There are 2 protein chains.
Amino acid sequence: MVNLVQTKRLQKYRMALLRFKKMGLKKTFSHSLSEETSVSAVLIRKDFSQCGIRGKRRGGYDIDLLLGELKKIFGHEKEQNIIIVGLGNIGSALVKYEDYRQSNMNMVAAFDIDPAKRTRRYPVPVYSLENLREVIDTFDVSVAILAVPEFSAQETSRYLVENGIRGILNFAPVLLKVPDHVLVNNVNVMIELERLMYHIGVIQD
Amino acid sequence: MVNLVQTKRLQKYRMALLRFKKMGLKKTFSHSLSEETSVSAVLIRKDFSQCGIRGKRRGGYDIDLLLGELKKIFGHEKEQNIIIVGLGNIGSALVKYEDYRQSNMNMVAAFDIDPAKRTRRYPVPVYSLENLREVIDTFDVSVAILAVPEFSAQETSRYLVENGIRGILNFAPVLLKVPDHVLVNNVNVMIELERLMYHIGVIQD
DNA sequence: AATAAAATGTGAAAACTGTAACAATAAAAT
DNA sequence: ATTTTATTGTTACAGTTTTCACATTTTATT
């Protein structure tokens with residue numbers, strides 16, 4: 001229904017709307033959202049229009065209505081269980097995140113090869129990868145955060161997919177090879193920094 | 001010279017090339033890179049062509065030559081100093097990263113309002129934000145990683161910009177408002193997870 | 001030497017994305 | 001009640017990005 005580019009924008013709108021709501025506002029206008037998100041007002045109206053969201057001419061858009069529609073689109077209505085694999089620096093930080101609940105996500109388990117990590121020091125139970133299938137089946141998990149070291153990322157991702165994972169948020173600096181039905185989102189700090197540097201023109205001067 | 005879309009692809013090529021090189025390969029072909037990066041072979045050739053990188057007809061591309069050109073484009077030749085602001089969960093994890101050196105980046109300092117964080121437990125000195133200007137001037141820093149809590153992100157970013165930062169890698173779930181000459185790259189785990197879920201169609205079934 | 005095969009490089013077409021202009025409508029002002 | 005104003009919604013257009021088709025070059029084969 002909506003493609004990747006639009007999805008990204010809708011998520012921006014949602015963030016802005018949540019902020020507006022927190023400020024006590026009830027309705028908003030394409031221009032206000034434009035200022036907040038740096039997306040042109042026309043494009044915002046077009047996106048809404050295409051999603052079947054209607055405003056009132058001269059009256060703007062109802063914030064709760066918009067958030068409701070976005071909720072439908074992104075399926076926040078249904079709780080989604082997720083897992084995390086790898087409790088190194090990044091993994092440990094991510095497992096302690098508390099924002100998951102806000103998006104109706106539920107971190108149900110963590111996995112690490114190091115038995116020393118399998119303690120109660122984390123907010124979720126920590127297992128060996130041997131228990132992966134069991135956890136996935138029990139909690140109907142389809143999305144995993146992958147935060148293992150570079151050298152084991154490809155193999156681990158294969159194992160995840162083998163056991164039913166269809167979406168991977170990958171923090172390892174590796175281009176994972178996965179079957180067509182699996183989706184990977186890469187988060188790579190180095191690459192983001194590099195691009196930032198390139199674009200602010202640090203390079204030239 | 002190259003735009004954002006192309007930059008992202010070039011970074012992908014670079015990752016693939018580094019992998020090929022590690023495997024001992026000397027030359028490669030647009031098709032091999034295509035398989036590795038999921039970018040079409042024609043597009044890869046076009047990107048290279050536009051960057052003034054030439055291959056040999058039937059002979060493919062020389063890996064070292066390609067990496068050299070990419071190095072020039074991304075300015076890895078010159079060392080870039082960066083700082084990190086906020087030593088919470090994520091910040092602490094990022095400051096311990098060791099991959100910065102690979103891209104010729106140098107993490108020179110961290111900042112946190114909590115004096116308890118200002119110990120020697122971190123691989124770089126930790127300061128109060130009062131010392132920001134001093135550090136920025138001394139080390140000629142133009143890029144910062146922002147990993148403070150949501151509520152203080154906007155204010156902190158304003159302060160960073162005021163003191164000369166021109167690029168921000170923002171881990172706070174906030175759409176920062178910054179002047180035109182400043183670039184922000186957002187890294188938002190929730191948003192990435194949501195998009196992943198949306199696109200694998202977890203929602204529908 | 002001639003031919004075939006495997007690559008690159010590129011101009012034109014297609015697909016996609018965003019913008020501009022403006023009609024339609026609702027609210028506010030007179 | 002009428003006019004003005006502000007805002008949405010949409011159609012046509014412009015720009016950007018990707019793909020297609022194929023010419024060109026190099027290497028390998030016969």
Side-chain angles (χ1 to χ4, degrees), chain A residues 1-14 16-17 20-21 25-70 73 175 180 195 198-199, chain B residues 1-14 16-17 20-21 25-70 73 175 180 195 198-199:
Chain A
M1 186 188 184
V2 285
N3 63 29
L4 193 130
V5 186
Q6 284 175 307
T7 311
K8 286 191 180 177
R9 283 199 301 264
L10 292 178
Q11 289 182 305
K12 271 194 174 181
Y13 306 156
R14 180 158 171 270
L17 289 165
F20 287 164
K21 185 170 179 161
L25 298 177
K26 294 290 174 208
K27 62 181 187 175
T28 190
F29 307 96
S30 56
H31 286 98
S32 321
L33 280 168
S34 174
E35 211 171 286
E36 197 75 8
T37 60
S38 308
V39 177
S40 80
V42 197
L43 194 44
I44 293 177
R45 296 201 294 275
K46 238 182 175 176
D47 282 335
F48 286 163
S49 171
Q50 213 202 307
C51 292
I53 300 170
R54 317 290 299 185
K56 267 195 208 164
R57 300 202 187 215
R58 170 125 197 191
Y61 297 92
D62 182 274
I63 290 180
D64 281 329
L65 189 139
L66 277 174
L67 283 170
E69 289 296 325
L70 291 174
I73 291 169
L175 299 169
D180 277 348
R195 201 161 56 240
Y198 176 73
H199 280 105
Chain B
M1 184 185 184
V2 285
N3 63 30
L4 194 130
V5 186
Q6 285 175 306
T7 311
K8 286 191 180 177
R9 283 199 302 263
L10 292 179
Q11 289 182 306
K12 270 193 173 181
Y13 306 155
R14 180 158 171 271
L17 290 165
F20 287 164
K21 185 171 178 161
L25 298 177
K26 294 290 176 208
K27 62 181 188 174
T28 189
F29 308 96
S30 57
H31 287 97
S32 322
L33 280 168
S34 174
E35 211 171 287
E36 196 76 6
T37 59
S38 307
V39 177
S40 81
V42 197
L43 194 45
I44 292 177
R45 295 202 295 275
K46 265 215 158 135
D47 282 336
F48 286 163
S49 171
Q50 213 204 306
C51 292
I53 300 170
R54 317 290 299 187
K56 267 196 208 160
R57 301 204 186 211
R58 171 123 197 196
Y61 297 91
D62 181 273
I63 291 182
D64 280 328
L65 189 138
L66 277 174
L67 283 170
E69 289 296 325
L70 291 174
I73 291 170
L175 300 169
D180 277 348
R195 201 161 55 240
Y198 177 73
H199 280 106

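Labels below follow one simple rule: chain letters A, B, ... track the order of the sequence lines, proteins then strands, and each chain is numbered from 1. Quick caveat, the model's predicted, so the values are computed rather than measured.
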**Asked** Under 6.0 Å between the ring centres of Tyr61(B) and Phe29(B)?
**Response**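 Centroid distance Tyr61(B)-Phe29(B): not below 6.0 Å, so no.
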[X] side-chain N/O to [N] phosphate OP1/OP2 under 4.0 Å:
X	N	value
Arg45(A)	dC22(C)	no
Ser49(B)	dT8(C)	no
Arg54(B)	dG9(C)	yes
Ser40(A)	dG18(C)	no

Between [atom2] on [N] and [atom1] on [X], what's the gap in Å once rounded to a whole number?
X	N	atom1	atom2	answer
Lys56(A)	dT5(D)	NZ	P	23 Å
Leu4(A)	dT17(C)	CG	P	9 Å
Asn3(A)	dA15(C)	CG	C1'	12 Å
Phe48(B)	dA7(C)	CZ	P	16 Å
Ile53(A)	dT8(D)	CD1	C1'	14 Å
Tyr61(A)	dA27(C)	OH	C1'	16 Å
Gln6(B)	dT18(D)	CD	P	8 Å
Asp47(A)	dT10(D)	CG	P	13 Å

Check nucleotides 28-30 of chain D for protein N or O atoms closer than 3.5 Å to its own N or O atoms and list the pairs.
none

Looking only at non-hydrogen atoms, find the nearest pair between [X] and [Y] and report the distance.
X	Y	answer
Leu175(B)	Glu36(A)	CD1-O, 3.9 Å
Tyr13(A)	Leu33(A)	O-CD2, 4.2 Å
Leu17(B)	Ile63(B)	O-CG2, 4.0 Å
Val39(A)	Lys12(A)	CG2-CD, 4.4 Å
Ala41(A)	Ser34(A)	N-OG, 3.6 Å
Lys27(A)	Gly59(A)	CD-O, 3.5 Å

Judged by nearest nucleotide, the residue sitting upstream toward the 5' end of DNA chain C, Gly55(B) or Lys27(A), is Gly55(B)
- Query: Cys51(A) versus Gln6(A): any side-chain heavy-atom pair under 4.5 Å?
  - Reply: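 Not touching, per the 4.5 Å side-chain cut-off.
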Kindly indicate whether the side chain of Arg57(A) and the base of dT25(C) share any N or O donor-acceptor pair separated by less than 3.5 Å? no
| Would you say the base of dT19(C) and the side-chain of Lys46(A) have a donor-acceptor pair closer than 3.5 Å? |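 A donor-acceptor contact between them is present.
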(request) Take Asp47(B) and Ile53(B) through the test side chain to side chain contact (heavy atoms under 4.5 Å, CB included) and record every step on the way to the result. (result) CA-CA 9 Å; Asp47(B) 282 336; Ile53(B) 300 170; over 6 Å; no
Between the side chains of Asp64(B) and Lys21(B), is the shortest nitrogen-to-carboxylate-oxygen separation below 4.0 Å, so that they form an ion pair?
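Result for this pair is yes, salt bridge flagged.
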**Asked** Would a distance-only check, ignoring hydrogens and angles, find a side-chain to backbone donor-acceptor pair under 3.5 Å from Glu69(B) to Leu66(B)?
**Response** no
Determine the contact category for Gly59(A): base if any of its heavy atoms lies under 4.0 Å from a base atom, sugar-phosphate if only primed atoms, P, OP1 or OP2 are that close, otherwise nothing.
nothing
- Selected nucleotide, minimal atom distance to Leu43(B) side chain, candidates dT19(D), dT17(D), dG9(C):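 Minimum distance to the Leu43(B) side chain belongs to dT19(D).
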Query raised in the report: Of all the nucleotides listed (dT10(D), dC20(D), dG18(C)), which has the minimum atom distance to the side chain of Val42(B)?
Result: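 In terms of side-chain proximity for Val42(B), the closest of dT10(D), dC20(D), dG18(C) is dC20(D).
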* **Qualifying residue for side chain to side chain donor-acceptor pair (under 3.5 Å) with Ser30(B), from Lys46(B), Arg45(B), Glu35(B)** =>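 The side chain to side chain donor-acceptor pair (under 3.5 Å) with Ser30(B) is passed solely by Arg45(B) among Lys46(B), Arg45(B), Glu35(B).
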Dot-bracket for DNA chain D, 5' to 3', Watson-Crick and G-U pairs with both distances under 3.5 Å, [ ] for crossing pairs, | for partner on another strand, reads ||||||||||||||||||||||||||||||
One should read off an interatomic distance between Arg9(B) CZ and Ser38(B) OG, to the nearest 0.5 angstrom, of 13.0 Å
Expected list for residues 29-37 of chain B near DNA chain C, using heavy atoms below 4.0 Å, is Phe29(B), Ser30(B)
